[in-house]
Enquirer: 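This is the structure I have questions about; it appears just below.
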Protein chains: 2
Amino acid sequence: MAKKKDENTELQILEAAKNVFQAKGMDGARMQEIADAASINKAMLHYYFRSKQLLFEAVFKNAFAMLAPQLNIILNDESSIEDKVKNFTSSYISFIIKHPYLPNFIIQELNRNPAFLQKIQENSTLLNIDKFKKRVELEISQDILKPISGEQLFINILALNIFPFVAKPLIKAFTKEDDAGFKKLMKDRRTEVSEFIIHAIKK
Amino acid sequence: MAKKKDENTELQILEAAKNVFQAKGMDGARMQEIADAASINKAMLHYYFRSKQLLFEAVFKNAFAMLAPQLNIILNDESSIEDKVKNFTSSYISFIIKHPYLPNFIIQELNRNPAFLQKIQENSTLLNIDKFKKRVELEISQDILKPISGEQLFINILALNIFPFVAKPLIKAFTKEDDAGFKKLMKDRRTEVSEFIIHAIKK
DNA sequence: ACATTTGTTAACCAAATGGTTAAACCAAGC
DNA sequence: GCTTGGTTTAACCATTTGGTTAACAAATGT
């Protein structure tokens, strides 16, 4: 019946599509380029994924799923805010240094088509900051933290961690660093960012 | 010689092109759609701007130029770091609330083609953080600020101000806010962000 | 008035692009 | 060995897209 090569081809396609889509976006990507990158015939893309749209969605879902475990550190674990921040920052930045195209890809395509989020949102715990907010309020009432809204703190944490990778060309221009220098700046941020946040919120 | 409508048409095109490019990006934008939005014939786009690429560059340069005065607050004025932060934050966020597509547009296209920066970089004072860094070092030596590298502080300031607008769909999903709620969150940030930063860096 | 320049339009074009098809290929079961 | 059914390929197709052209309209200079 089925060849063994079956699954292999599908993975080859997904890997190639990931690279092309992340580099060029949905609109900029070409099916032929994906086929070339996967060393297969263009018709195979449609045989396995029916359309560019469906192939893209498969890639996007994979990409988004890679970030979920990171976000859970902030949103759903039981530790203190300080630990959440330290833990998330070092873990997230290390992770993104290995997958530098990921944040930009997700943000770019989410802006192009915000409806994608609802398609993924079945996993409701992932996009729910209630638990985080409760913990923030608790620690404020315990005089551990200065007053701040949970939403704003959450936005700030994401911003400080994610933004530099999204704005990499801009930051490289300002700091006049090359790729190696930029990477070093980012590595430093694994501790710098959590210190910055802790200083800002701790009483 | 020239009709009076001359300049008017060019501005109509630029305005329409701005809207379409900012909403769909270079790759997603269609010349026909821009022509329709400007209520003119498609051939006019080429008559005034020769090619899609050149029209895009005109739009991009305009967009980038709008941000320059904002950045100068941080980089080139003579005030203290605290004043720079307060001044920039309230001014920048108010500005972006009026032009919400701008940051995402610029970041997206800079990632697609980082070479655009060099085309603009003739204005060297805009992309130079030396003066800002010197001021940071001065205030650290005066015991006004906690030790922090100028680069990292600059990245943090940009991140906290720009990121929420770039990641708007994500933030709307997390906070479960509608457009009005999101806008309110952003307005709050005009003071929240500077307080956050000041707390983080002031001794 | 009239020639010239500039602005505008509709029709057209070649290339690129996502997608389809029909035939070939090939491993497995009989 | 040959049938069967999923896999792969080359050729093809319709549409879209950026760009061009040639004719026409409106100003302007003289």
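Here is how names work: the chains are called A, B, and so on, in the same order as the sequence lines, proteins then strands, and each is numbered from 1.
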Enquirer: What I want to find out is whether A/Asp188 reaches A/Lys184 closely enough, with some N-O distance under 4.0 Å, to be called a salt bridge.
Expert: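 Yes, charged N to carboxylate O under 4.0 Å.
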Enquirer: Would you call B/Asp77-B/Lys84 a salt bridge at under 4.0 Å N-O?
Expert: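 Yes, B/Asp77 and B/Lys84 are salt-bridged.
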Enquirer: Which whole-number value in Å describes the distance from B/Tyr47 OH to C/dG7 P?
Expert: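 Value for this atom pair: 4 Å.
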Enquirer: Grab the CG-P distance between A/Leu54 and C/dG18 for me, whole Å please.
Expert: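 Taking atom P of C/dG18 as the reference, CG of A/Leu54 is at 14 Å.
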Enquirer: How would you summarise protein contacts on nucleotides 10-21 of chain D per nucleotide, using B for base, S for sugar-phosphate only and - for none, with heavy-atom distances below 4.0 Å?
Expert: B------SBBBB
Enquirer: May I have the distance from A/Met44 (atom CE) to C/dC25 (atom P), rounded to whole angstrom?
Expert: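 From A/Met44 CE to C/dC25 P: 15 Å.
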Enquirer: Closer than 4.0 angstrom, basic N to acidic O: yes or no for B/Lys176 and A/Asp130?
Expert: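 No.
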Enquirer: Rounded to the Å, how far apart are B/Asn8 CG and C/dT6 P?
Expert: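 To the nearest whole Å, that distance equals 19 Å.
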Enquirer: Write down the distance between CG (A/Leu55) and P (C/dG18), rounded to a whole number of angstrom.
Expert: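 Rounded to the whole Å, the gap is 11 Å.
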Enquirer: Between A/Glu192 and A/Arg189, does any side-chain N to carboxylate O distance fall below 4.0 Å?
Expert: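 Salt bridge absent between A/Glu192 and A/Arg189.
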Enquirer: A/Tyr48 has an atom OH; how far is it from atom C1' of C/dG18, in whole Å?
Expert: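 Taking OH of A/Tyr48 and C1' of C/dG18, I get 20 Å after rounding.
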Enquirer: Can you tell me if B/Thr9 touches the phosphate of C/dG7, counting only side-chain N or O atoms and a distance under 4.0 Å to OP1 or OP2?
Expert: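 For C/dG7, OP1/OP2 do not have a side-chain N/O of B/Thr9 under 4.0 Å.
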Enquirer: With A/Phe105, which of A/Phe56, A/Phe64, A/Phe165 fulfils ring pair (Phe, Tyr, Trp, His ring centres under 6.0 Å)?
Expert: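 Among the candidates, only A/Phe56 passes.
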Enquirer: Whole Å only: how far is the CZ atom of A/Phe49 from the P atom of C/dG18?
Expert: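 Roughly 16 Å, once rounded to whole Å.
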Enquirer: Is any NZ, NE, NH1 or NH2 atom of the basic residue among B/Lys24 and B/Glu33 found under 4.0 Å from an Asp or Glu carboxylate oxygen of the other?
Expert: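 Yes.
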